[in-house]
Protein chains: 2
Amino acid sequence: MTPVAKRKMERRKTFNDYIARKQLKSTKQRDTIFNEFFNNYMGKHVTVEELYEDIKQNHPSIGFATVYRTLKLFKESGIASERNFGDGKARYEPIRSETEHHHHMICTECGQIVEFANMQIESCLHQVAKLNEFGVANYKLEIYGKCSKCSEG
Amino acid sequence: MTPVAKRKMERRKTFNDYIARKQLKSTKQRDTIFNEFFNNYMGKHVTVEELYEDIKQNHPSIGFATVYRTLKLFKESGIASERNFGDGKARYEPIRSETEHHHHMICTECGQIVEFANMQIESCLHQVAKLNEFGVANYKLEIYGKCSKCSEG
DNA sequence: TTTATTCTTGATAATAAATATCAATATCGT
DNA sequence: ACGATATTGATATTTATTATCAAGAATAAA
Ligand SMILES: [Mn+2]
Ligand SMILES: [Mn+2]
Ligand SMILES: [Zn+2]
Ligand SMILES: [Zn+2]
């Protein structure tokens, strides 16, 4: 099994566990959205609209509201992250591992998103939180500017 | 003159310069909103609605749209920052100095906002950007969780 | 000071993302 | 298969923000 496939399976299990714990139900629609999301959007940051349009190609009967609800469910169950890059639309990305954290540089010119991680920032951040007796649930670091392509010339 | 008053005067100059450069006009309304904002909301993070309600007390004729437009203008002119802490409402805060940068810890329980600054994070961040040839325009770091009061017990 | 130009204002309509509603349907434990 | 409960898709609603526009204010020229 490829690493990507393994990752998908792990998220699937997390999701199934969540479904069971909360006494929710497995449905065709949730399966479809799960597969589309984890097959085609790993490492991407997709809007609800984009995912809906994509899914509609092969599953025209799936409703817009269901895609909204399901992505929210993915977030609640811990298999997806919601991102907001300042254009007023929520974006979702599949979570790669339970522990991994990464941040984003957003090009305000072309929209390109570059991901990065930095241990030192991570530890500074927790240090600051500890100093203020602040219990960290999550955090985000976003850098806005121009990517290398857009700032050359 | 107190440091606070001096700060306000500096922002006023920046704003006047911007007005002149862009061939905009000085108005009673902009004066009123400027004063209210810089007198009462230094170090705060006020929503448009909150500021509007506050100003309405003494200036009932000022319209909602004008407060919206003027805060946007403050942002464009570089005397205010827009913040988004995930509740769907934009917040504005007066800028304290042209160079200062700070970040936020947001208590998801009581809404308290704790500000912090960290040189080390700052320099890591610029290092990462440089490595990716990314021209930094601005950046934000937000920590969500529970403040000391809300997590005790 | 008058006049002309341009910008601003306040009220209100429009937009757009996200959520709520609800009757019909699907899931699941028994 | 039955009954209880959750889900779905269509659509209406909400909410923050932006656009529209006629009337009024600010500025520059005359
Ligand atoms: Mn990402
Ligand atoms: Mn602040
Ligand atoms: Zn770019
Ligand atoms: Zn708190």
Side-chain angles (χ1 to χ4, degrees), chain A residues 15-37 45-77 80-92 111, chain B residues 15-37 45-77 80-92 111:
Chain A
F15 186 60
N16 287 345
D17 290 353
Y18 184 83
I19 290 280
R21 180 151 33 86
K22 295 274 183 176
Q23 313 205 77
L24 307 179
K25 286 169 182 171
S26 295
T27 67
K28 300 269 167 61
Q29 288 89 340
R30 285 173 181 166
D31 274 10
T32 299
I33 298 170
F34 179 94
N35 285 322
E36 189 70 17
F37 186 56
H45 308 83
V46 69
T47 65
V48 182
E49 172 109 36
E50 284 166 357
L51 186 59
Y52 169 67
E53 290 299 332
D54 191 354
I55 287 176
K56 212 168 50 173
Q57 309 287 321
N58 298 312
H59 304 85
S61 68
I62 287 191
F64 199 39
T66 300
V67 179
Y68 258 101
R69 287 186 287 232
T70 304
L71 284 173
K72 200 175 173 188
L73 198 58
F74 287 176
K75 180 176 79 167
E76 286 162 11
S77 66
S81 299
E82 184 187 328
R83 307 290 186 185
N84 279 91
F85 295 148
D87 62 354
K89 299 174 198 170
R91 288 163 188 278
Y92 290 86
Chain B
F15 186 60
N16 287 344
D17 290 353
Y18 184 83
I19 290 280
R21 181 153 31 89
K22 295 273 183 176
Q23 313 204 78
L24 307 178
K25 286 169 180 170
S26 295
T27 67
K28 300 269 167 59
Q29 289 89 338
R30 286 174 180 165
D31 275 10
T32 299
I33 297 170
F34 180 93
N35 285 322
E36 188 70 16
F37 186 56
H45 308 82
V46 70
T47 64
V48 182
E49 172 110 36
E50 284 165 357
L51 186 60
Y52 170 67
E53 289 299 332
D54 191 354
I55 287 175
K56 211 168 52 172
Q57 309 288 321
N58 298 313
H59 304 84
S61 68
I62 286 190
F64 199 35
T66 300
V67 179
Y68 257 101
R69 287 186 288 234
T70 305
L71 284 174
K72 199 174 175 187
L73 197 59
F74 287 176
K75 180 176 79 166
E76 287 163 12
S77 67
S81 299
E82 185 188 329
R83 307 289 186 186
N84 278 90
F85 295 148
D87 62 354
K89 300 175 199 171
R91 289 164 187 279
Y92 290 86

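These numbers come from the heavy atoms of this one structure, side chains and all, not from hydrogens, waters or symmetry mates. Below, read A as the first sequence line, B as the second, and so on, with proteins coming before strands; counting in each chain starts at 1.
- Atom pair F64(B):CZ and dA13(C):P shows a separation of 16 Å (rounding to whole Å applied).
- Between the two ends of the helix from dT1(C)-dA30(D) to dT30(C)-dA1(D), each summarised by a five-pair axis, the helix axis turns through 30° (rounded to 10 degrees).
- Note: NZ (K56(B)) to C1' (dA11(C)) measures 14 Å, nearest angstrom.
- The two residues Y52(A) and G63(A) make their nearest non-hydrogen contact at CE1-C, 3.8 Å.
- Of the two residues contacting DNA chain D, namely G88(B) and S61(A), the nearest-nucleotide position lying further toward the 5' end is that of S61(A).
- Screening V48(B), L51(B), T70(B) for a side-chain contact (heavy atoms from CB on, under 4.5 Å) with Y92(B), the sole residue that qualifies is V48(B).
- Straight-line distance from the OH atom of Y52(B) to the C1' atom of dT18(D): 17 Å, rounded to whole Å.
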Side chain to side chain contact (heavy atoms under 4.5 Å, CB included) evaluation trace for K72(A) with Y68(A): CA-CA 6 Å; K72(A) 200 175 173 188; Y68(A) 258 101; over 6 Å; no
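- Taking atom CD on E76(B) and atom P on dT18(D), their separation rounds to 10 Å, with Å as the unit.
- Here dT15(D) presents its P atom at 9 Å from NZ of K89(B), a figure rounded to the nearest Å.
- The nearest pair of heavy atoms linking F64(A) to E49(A) is CE1-CA, 4.0 Å.
- With contacts defined as side-chain heavy-atom distances shorter than 4.5 Å, the pair L73(B)/L24(B) qualifies.
- With ring centers used as reference points, F37(A) lies under 6.0 Å from F74(A).
- Comparing dT12(C), dG9(D), dT17(D) by their nearest atom to the side chain of R69(A) picks out dG9(D).
- Atom CD1 in I62(A) sits 9.0 Å away from atom CD in E36(A) (nearest 0.5 Å).
- Residue E49(B) is classed as having no contact, given no heavy-atom separation below 4.0 Å to the nucleic acid.
- Side-chain atoms of A90(A) lie closest to dA18(C) of the nucleotides dG9(D), dA18(C), dT17(D).
- Taking atom CD1 of I55(B) as the reference point, atom P of dG10(C) lies 11 Å away to the nearest angstrom.
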Sequence neighbours excluded and cut-off under 3.5 Å, please list the side-chain donor-acceptor pairs for residues 83-91 of chain A, or say none.
{"unit_1": "R83(A)", "atom_1": "NE", "unit_2": "E93(A)", "atom_2": "OE2", "d": "2.7"}
{"unit_1": "R83(A)", "atom_1": "NH2", "unit_2": "E93(A)", "atom_2": "OE2", "d": "3.0"}
{"unit_1": "D87(A)", "atom_1": "OD1", "unit_2": "K89(A)", "atom_2": "N", "d": "3.1"}
{"unit_1": "D87(A)", "atom_1": "OD2", "unit_2": "R91(A)", "atom_2": "NH2", "d": "2.9"}
{"unit_1": "R91(A)", "atom_1": "NH1", "unit_2": "H45(A)", "atom_2": "O", "d": "3.1"}

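- In this structure a side-chain-to-backbone donor-acceptor pair under 3.5 Å is missing from D54(B) to E50(B).
- Nucleotide dT17(D) holds its P atom 7 Å from the OH atom of Y92(B), rounded to whole Å.
- One can place CD of E82(B) at 8 Å from P of dT17(D), the figure rounded to the nearest angstrom.
- Annotation: proximity of residues 24-33 of chain B to DNA chain C (heavy atom, distance under 4.0 Å) is found for L24(B), K25(B), T27(B), Q29(B), R30(B), numbered in ascending order.
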